[in-house]
Each structure stands twice: as C-alpha cells, then as structure tokens.
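To start, the structure itself, in structure tokens.
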Amino acid sequence: MNRLEIAIAAAREAGAVLRRKLEQTRIVNTKGPRDLVTDADLAAQTAILARLSAADPEAAILSEEGGAAPDLDGPVPTWVIDPLDGTGNYARRLPVFGVCIALLIGGQPELGVVLDPLRQELYYAERGHGAFLQIGRRRPQPLTVSAVAEMGQAVLGAGWPREDHLRGQAAALLPRLGYACHSLRLLGSAALTLAYIAAGRVDGCLHLNLQPWDVAAGAALLREAGGQLSDLNGRPWQIHQRALIASNGRLHAELVRCLAAD
Ligand code: 2AM
Ligand code: CA
C-alpha cells in the first residue's frame with residue numbers, strides 16, 4: 001500500500017467507528033470552554049493510530065486527542081489527524097462531521113483525506129496528482145472549485161469560535177461577509193467546509209481559530225482543486241496559522257478586501 005492508500009484505509013476504519021457509535025455516543029471529557037470529546041473521537045483515533053503506526057512506522061504522528069506534538073516543519077513525514085472534525089455536531093447527531101488525515105513534510109501537506117462517513121463521501125488529494133471525490137464505491141470524480149467570481153453570488157462558510165475574544169472578532173467580521181455575499185453557512189466542520197470548497201459546493205470560508213489537524217487535509221484538497229488559502233491579510237497559508245480565509249481563488253482578493261474594510 002502506498003501512503004495515500006494507507007490514509008484512505010485508516011479513514012474508512014475510523015468512519016465505520018463513527019457510524020457505529022453515533023446513536024449511543026457519550027461525552028467523556030470537556031477539554032476547555034465549549035470544547036468536547038466523545039468516546040467516538042477516542043475510538044476513531046485508536047483505529048487510525050493502529051493502522052498508521054503499523055503501516056508507516058517511520059513517520060511521526062500528530063493527533064487532536066493526545067500524544068506529543070512533533071515538529072511539523074521538519075523533514076520527517078508527519079501524519080496529522082483529526083479522528084472527528086465536527087464533534088459538536090456529532091454529539092448532537094447533526095449529520096455534518098468528518099475524519100481528516102493528512103501527511104505533512106516540511107510543513108507542506110503532501111496528501112489529504114477527508115471522509116464523510118454518513119454520506120460515504122471520500123475526498124482525497126495527493127500533491128501534483130489532483131483532488132478527487134469518491135461516493136460509495138463509484139468511480140472517483142476529479143474535484144474543481146467553483147467558477148463564482150462575484151461576492152454577490154457566493155455562498156460562504158464560516159466558523160463560530162469558542163473563545164469569547166474571538167467571538168467578538170467573528171461578530172465584527174461575519175456581517176461584512178453576510179451583507180456582501182449571496183448567503184452564509186456555519187456548518188460546524190471546518191474540514192468538510194474546505195472539502196466542499198474543493199468540490200465547488202461552497203465558494204469560500206472564514207475560520208478564526210483552526211488547529212493544524214482541522215485544516216491540513218482540506219488544504220491538500222483545495223490546492224489540488226484550484227483553490228486558495230491565506231491568512232486574514234492574504235498572505236499564503238502556513239500550517240501554524242489560526243485564522244484562515246479559503247476560497248475558489250477567483251473570490252480570494254475580494255474576500256480579503258471585504259474583511260479588511262474598516
Ligand atoms: P473539532 O470539531 O475537531 O473540534 C467548528 O466551527 C469547526 O472548527 C470544527 O471543525 C472544529 O473542530 C473547529 N475548531 C477547532 N478549534 C476550534 C475553536 N477553538 N473554536 C471553534 N472551532 C474550532
Ligand atoms: Ca476533532
């Protein structure tokens with residue numbers, strides 16, 4: 001198996017765990033204000049770690065739910081995983097959540113996999129080889145971002161931060177997007193929002209406090225699907241930044257301008 005196949009197999013195993021546990025999931029911990037962990041996050045993580053460490057023992061691993069934090073910028077290939085992106089949705093049985101697995105080398109995503117286990121939608125990309133969506137066992141289809149070039153026609157995703165001070169910033173910024181765009185969607189899963197931009201379903205998004213595991217896989221998808229990622233000032237995305245603007249590329253400059261307006 002090559003690394004993409006390993007990542008896909010691990011994501012499918014975690015997805016099966018999430019499907020199985022959905023109806024009887026329990027909140028086992030509260031990591032911080034408004035930050036939950038369920039037994040399903042942990043069980044899905046266990047499945048992924050077992051698969052990755054057996055199949056790729058040389059690589060380092062960064063996972064949301066624990067373990068040491070490896071150096072993401074170094075030359076050692078590093079798996080960056082979020083066993084469950086959208087835990088808040090999952091705990092409420094809102095059917096918008098996903099499994100994210102990416103491989104980083106030197107801070108750059110080499111490949112990324114996002115799986116929506118309820119819809120059996122598998123999004124994957126490898127650097128230089130394009131991005132694809134496989135639904136069920138059907139033939140994978142290449143992904144391309146939307147052609148929407150005007151804010152007035154754009155459907156935009158956004159996150160609602162957990163931290164009070166970032167809520168203030170979000171409350172100041174979101175109305176700017178909300179007035180300018182066609183409509184807003186707060187989906188509750190940053191990774192699926194990025195996958196949807198790669199698939200042309202959503203045209204752009206704003207998130208103010210993402211972690212590497214929320215965004216690494218989606219960044220791999222978006223780059224291969226022709227999208228763009230940056231910080232709030234339009235500077236090229238890098239793995240350690242918290243705030244993210246992502247788009248189909250055509251809208252990017254306008255998004256940056258709209259958010260910078262005073
Ligand atoms: P999680 O479910 O894996 O924690 C919610 O808007 C989305 O942003 C989810 O993808 C959530 O990931 C992610 N997120 C991560 N850290 C966050 C934070 N501090 N505040 C809000 N959302 C966060
Ligand atoms: Ca998570």
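Counting convention: from 1, in listed order, for ligands and their atoms alike. Please read all numbers here as calculations on a predicted model, not as lab measurements. What's counted below: heavy atoms across the whole structure, side chains too, no hydrogens, waters or symmetry copies. Count residues from 1 along the sequence.
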R242 with D214: basic N within carboxylate O range, under 4.0 Å: no
Any donor-acceptor N/O pair, N89 side chain to V96 backbone, under 3.5 Å: yes
D56 side chain vs R3 backbone, donor-acceptor pair below 3.5 Å: no
Donor-acceptor under 3.5 Å (E224 side chain, G130 main chain): yes
Under 3.5 Å: donor-acceptor pair, side chain of N248, backbone of V145: no
Donor-acceptor pair, side chain of R119 and main chain of P95, under 3.5 angstrom: yes
Q241 side chain to Q238 backbone, donor-acceptor under 3.5 Å: yes
Apex the Ca ion (ligand 2); atoms E64 OE1 and L84 O; angle rounded to 10 degrees: 170°
Contact residues of ligand 1 (heavy atom under 4.0 Å), by chain and number: E64, D82, L84, D85, G86, T87, G159, W160, P161, R162, E163, G188, S189, A190, N209, L210, D214
Atom name of the N, O or S atom in D82 that lies nearest to the Ca ion (ligand 2): OD1
